[in-house]
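These figures come from a predicted structure and were not determined experimentally. Quick note on labels: first sequence line is chain A, next is B, and so on, each numbered from 1.
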Protein chains: 2
Amino acid sequence: MNNVKKILIADDEPDILEILQFNLETEGFEVFIAKNGNEAIEAAKKHLPDLIILDVMMPYKNGIEVCNLLRLQPAFKETLIVFLSALSDEITEVKGLETGADDYLTKPISPKILITKINALFRRLNKKVSTIIQLGDLEIDREKYIIRNKGDEIVLARKEFELLSLLAGKPGKVFLRQEILNQIWGTEVIVGDRTIDVHIRKIRQKLNLDCISTVKGVGYKFEL
Amino acid sequence: MNNVKKILIADDEPDILEILQFNLETEGFEVFIAKNGNEAIEAAKKHLPDLIILDVMMPYKNGIEVCNLLRLQPAFKETLIVFLSALSDEITEVKGLETGADDYLTKPISPKILITKINALFRRLNKKVSTIIQLGDLEIDREKYIIRNKGDEIVLARKEFELLSLLAGKPGKVFLRQEILNQIWGTEVIVGDRTIDVHIRKIRQKLNLDCISTVKGVGYKFEL
DNA sequence: TTATTGCTTAACAATTTGATAATACAAATT
DNA sequence: AATTTGTATTATCAAATTGTTAAGCAATAA
């Protein structure tokens, strides 16, 4: 999820494929292409793209059929799917959205608009995903303010939660004390260094899990 | 929601206003018009339209500003907002969609396309708004403003209802006090923090059900 | 108008959280 | 080994947050 996004484009018009591929690759995406519905499904299974752009009118299987088939499989439950179609064929649009597409684009579309829309979709996805952090037996739900260790719910006070959440957000990274102070307490409040220790201790105690290690003279980091 | 749909059109070009108004009225909508951003906001508050069509380029306040301002108020959270702009001004489109518009149309637009798009939007809206929330023994009917616990009807005052409805809309999610204030009271009214507590208390009391929990220093959440 | 209901606030109680000091401990350095 | 430096632990107190009640308006209905 942190590397290059993969995009699969399925369209039966070679020109469109080429234009889109060029523009998306220029933008830094990894692009795969398919010339019809069957190829699209095959390619999707093979490459597990983050986003699939489906032309609605295609030989063998049209875009809506492809979308339906893919959505049946767990692997593609979360994949972004966008339809592409000539003119705003209203009926198709409705069907497309019912099918579980994430967006619907009409041809002709300027590459620039396409790219901004795609970026917007990824941004939206990231927001949804980023609320829960999963690390081994540990689960941090930022939206629900809940921490679970092997399913057991653990109650942390606010600062404790924020601190753990910060550290766990980048496992392995050593957070300097100063960094922690800035992130959790802000630059306006001034608290002593011992305060951090105390909170760290409480977290360790409550979690009863050896996951925060001290880097003497530097700071703390979360691991495993 | 079951009667004639009200549509507000805001555009500084009289010709456009007239054409759109004529076509939409012919189609059976009730139409209001505004010639600039300020008028649009005023008219929106007065008529509470189901759909607002905003020209992007307008005197005093442009469409995006208008949209932003309206979206801040609870009354317009669900209102459909559509932008209208000369040619596909890409940058504007991106901003518009980020602002929380429901669609984006480019001039010139044929009345027929406009109407089909509008109908599509209303159709989609009707589907989205599931008026009844079921959670265990609890049943919340947003349309009828009724709450039932094991079939027994419970009468909540409006704010109480809205508050419960908000929390129950995303069980488990912690709603920050600020979030609650924005959603229920809007950004214009300013009420004290204790107000929320009191309403929460009344809900707990009336429901006689342990379903709203406090997350100290953060907010409240609904669960089970 | 009067009565009723709902919304907001003030005041105070109860609770929880956060910060610090004091002390103990551990590792590195001299 | 003694010293220094840095962290862990614990207990305590202060501060922040929320719960509760009562009371005053405002809006609405009778």
Side-chain angles (χ1 to χ4, degrees), chain A residues 145-147 153-167 174-223, chain B residues 45 73-75 145-147 153-167 174-223:
Chain A
Y145 256 84
I146 281 177
I147 303 230
E153 196 169 307
I154 295 170
V155 180
L156 294 188
R158 189 178 52 175
K159 290 275 187 234
E160 291 158 20
F161 186 93
E162 286 172 0
L163 184 45
L164 176 59
S165 185
L166 175 66
L167 296 184
V174 178
F175 287 80
L176 314 181
R177 295 183 103 88
Q178 193 51 50
E179 221 170 323
I180 293 175
L181 288 177
N182 284 336
Q183 292 286 323
I184 310 281
W185 278 269
T187 47
E188 298 187 351
V189 203
I190 294 174
V191 298
D193 257 14
R194 272 338 82 230
T195 301
I196 296 179
D197 307 12
V198 173
H199 284 293
I200 292 283
R201 168 154 200 288
K202 284 184 184 163
I203 294 171
R204 284 173 172 158
Q205 193 173 285
K206 287 187 180 174
L207 281 194
N208 190 29
L209 191 70
D210 188 24
C211 62
I212 296 178
S213 53
T214 305
V215 183
K216 273 212 166 190
V218 187
Y220 295 92
K221 69 176 169 182
F222 181 100
E223 53 184 359
Chain B
K45 286 183 184 169
Q73 299 180 48
Y145 264 65
I146 285 177
I147 302 229
E153 191 170 324
I154 296 171
V155 180
L156 293 189
R158 190 168 53 236
K159 292 278 184 219
E160 290 159 21
F161 186 93
E162 284 173 1
L163 184 45
L164 176 60
S165 182
L166 174 66
L167 297 184
V174 177
F175 288 82
L176 314 181
R177 293 182 102 86
Q178 195 50 51
E179 222 170 322
I180 294 175
L181 288 177
N182 284 335
Q183 294 286 322
I184 311 278
W185 279 269
T187 48
E188 297 193 338
V189 203
I190 294 174
V191 297
D193 257 12
R194 242 42 25 253
T195 301
I196 296 180
D197 305 11
V198 173
H199 285 292
I200 291 282
R201 169 154 199 289
K202 285 186 179 162
I203 294 171
R204 285 173 171 158
Q205 196 172 285
K206 287 186 181 174
L207 281 194
N208 190 29
L209 193 71
D210 188 23
C211 61
I212 297 179
S213 52
T214 305
V215 182
K216 265 224 166 188
V218 188
Y220 294 93
K221 69 176 166 182
F222 181 99
E223 52 185 358

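- Within the 4.0 Å cut-off from OP1 or OP2 of D:dG19, at least one side-chain nitrogen or oxygen of B:Thr214 is found.
- Atom NZ in B:Lys202 sits roughly 15 Å away from atom P in D:dG19 (whole-Å rounding).
- Atom CD1 in B:Ile180 sits roughly 15 Å away from atom P in D:dT17 (whole-Å rounding).
- Panel note: side chain B:Arg177, backbone B:Asp193; a donor-acceptor pair is recorded below 3.5 Å.
- Using the six-membered ring where Trp is involved, B:Tyr145 and B:Phe161 have ring planes that are parallel, under 30° apart on the 30 and 60° scheme.
- Side-chain nitrogen and oxygen atoms of A:Tyr220 include at least one within less than 4.0 Å of the OP1 or OP2 phosphate oxygen of D:dA8.
- Rounded to a whole Å, the CD1 atom of A:Ile184 is 15 Å from the C1' atom of C:dT17.
- Using a 4.0 Å cut-off, some side-chain N or O of A:Arg177 falls inside it from OP1 or OP2 of D:dT7.
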### Message
Checking A:Ile146 against B:Lys221 for the side-chain contact (heavy atoms from CB on, under 4.5 Å) test, could you report, in this order, the C-alpha distance in whole Å, the side-chain angles of both residues, the deciding distance, and whether it holds?
### Response
CA-CA 11 Å; A:Ile146 281 177; B:Lys221 69 176 166 182; 3.5 Å; yes

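- A:Arg158 places no side-chain N or O within 3.5 Å of a backbone atom of B:Val218 that could act as its donor or acceptor partner.
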### Message
Does A:Ile212 form a side-chain contact (heavy atoms from CB on, under 4.5 Å) with A:Leu207? I'd like the steps, not just the answer.
### Response
CA-CA 10 Å; A:Ile212 296 178; A:Leu207 281 194; 5.7 Å; no

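- No side-chain heavy atom of A:Ile200 sits under 4.5 Å from any side-chain heavy atom of A:Thr214.
- In this structure, the CD atom of B:Gln205 is 9 Å from the P atom of D:dT20, given to the nearest Å.
- Counting only heavy atoms from C-beta on, B:Val191 has its side chain closest to C:dT8 among C:dA19, C:dG6, C:dT8.
- Phosphate proximity of C:dT20 to A:Thr195: present, with a side-chain N or O under 4.0 Å from OP1 or OP2.
- We find that CG of A:Asp193 is positioned 15 Å from P of D:dT5, with the value rounded to whole Å.
- For B:Val215 and A:Arg201, each mapped to the nucleotide of DNA chain D holding its nearest heavy atom, the one lying further toward the 5' end belongs to A:Arg201.
- Of the side-chain N and O atoms in B:Trp185, none sit less than 4.0 angstrom from OP1 or OP2 of C:dC7.
- Checking C:dT8, C:dC7, D:dT10 against every side-chain atom of B:Arg158, the shortest atom distance belongs to C:dC7.
- One interatomic measurement links the two molecules: CD1 of B:Ile196 to C1' of D:dG19, which rounds to 14 Å at whole-angstrom precision.
- Between the NZ atom of A:Lys159 and the C1' atom of D:dA15 there is a distance of 12 Å, given to the nearest Å.
- If you take NZ of A:Lys206 and P of D:dT9, they are 15 Å apart, rounded to a whole angstrom.
- To the nearest 0.5 angstrom, B:Tyr220 atom OH is 13.5 Å from B:Leu166 atom CG.
- Heavy atoms of A:Phe161 sit nowhere under 4.0 angstrom from any nucleic acid atom.
- OP1 or OP2 of C:dT8 lies within a sub-4.0 Å distance of a side-chain N or O belonging to B:His199.
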### Task
If a protein heavy atom is under 4.0 Å from the base, mark B; if only from the sugar-phosphate, S; if neither, -; do that for nucleotides 21-30 of chain C going 5' to 3'.
-----BS---

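- By the 4.5 Å heavy-atom criterion applied to side chains, A:Glu160 and A:Leu164 are not counted as neighbours.
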